[in-house]
Amino acid sequence: MKILLVEDEAKTVTFLKKGLSENGFVLDVAQDGETGLHLATELSYDLVILDVLLPERDGWDVLQKLRERDRNMPVLFLTARDSVPDRVRGLKAGADDYLVKPFAFSELLARIWTILRRNAKRDNEFLRFAGLEMDLLRRTVFRDTKRLDLTAKEFLLLELFLQHPQEVLSRTFIAERVWDMNFDSDTNTVDVAVRRLRKKADDPFPQKLIHTIRGMGYILEDRS
Ligand code: CA
């Protein structure tokens with residue numbers, strides 16, 4: 001799940017970046033409205049978290065332009081203003097929800113999941129391969145009938161494999177998608193994470209699904 005955060009306050013950005021990535025989201029950040037609008041127009045996100053008071057272009061304007069461009073990705077407004085007319089204005093302008101600062105992270109998270117559930121198309125909620133079934137909204141993974149207890153990073157890693165079955169994924173590709181950064185010098189992180197994932201997703205089962213392709217990377221493949 002990929003979220004765009006449009007927010008100019010460094011403190012809030014740091015706080016949300018940490019919290020959301022710990023919960024398995026991939027986050028892009030724009031620190032002004034113009035950049036936010038550009039990213040939301042050019043790329044695809046499961047959710048946009050949008051501050052109202054922003055440099056260059058305010059949140060109202062970003063939302064209006066997004067809707068004019070027929071970008072119907074869900075938008076959650078974050079704002080310090082707490083007046084009823086502002087809330088009404090936000091929802092009328094096409095925001096999916098509205099959260100007033102300061103807020104508890106747990107409340108933000110609950111609202112994010114509510115919006116994502118509401119907007120999810122049935123077919124997109126699950127990723128399946130061989131005996132694996134990942135429920136993206138409930139954040140659960142089963143292999144056959146056994147539930148796998150994965151950390152947020154392991155979940156993201158398996159999600160990436162499930163999105164690219166039977167494709168060789170390089171360590172760099174995995175590092176960029178799962179950690180949102182480039183580990184040119186430290187692809188060992190990827191190897192360690194894959195090993196941990198295998199321990200849970202492959203080791204207890206006779207049929208192995210995650211394979212090493214020497215010198216290239218990893219592949220999710222059913223070799224039975
Ligand atoms: Ca602001």
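Start at 1 and go down the list; that is how both ligands and their atoms are numbered.
Note on Asp51: counted as a metal contact of the Ca ion (ligand 1), an N/O/S atom lying under 3.0 Å. Backbone or side-chain N, O or S atoms of Glu7 do not reach the Ca ion (ligand 1) at under 3.0 Å. The distance from the Ca ion (ligand 1) to the nearest N/O/S atom of Leu54 is not under 3.0 Å.
Between Phe161 and Leu197, the closest side-chain pair of non-hydrogen atoms falls below 4.5 Å.
With values rounded to the nearest 0.5 angstrom, Glu154 atom CD is found 10.5 Å from Leu156 atom CG. With rounding to the nearest 0.5 angstrom, the CG atom of Leu169 is 5.0 Å from the CD1 atom of Ile174.
Geometry about the Ca ion (ligand 1) gives an angle of 90° between OD1 of Asp8 and O of Leu53, rounded in steps of 10 degrees.
Distance alone, capped at 3.5 Å, places no donor-acceptor pair between the Asn23 side chain and the Leu109 backbone.
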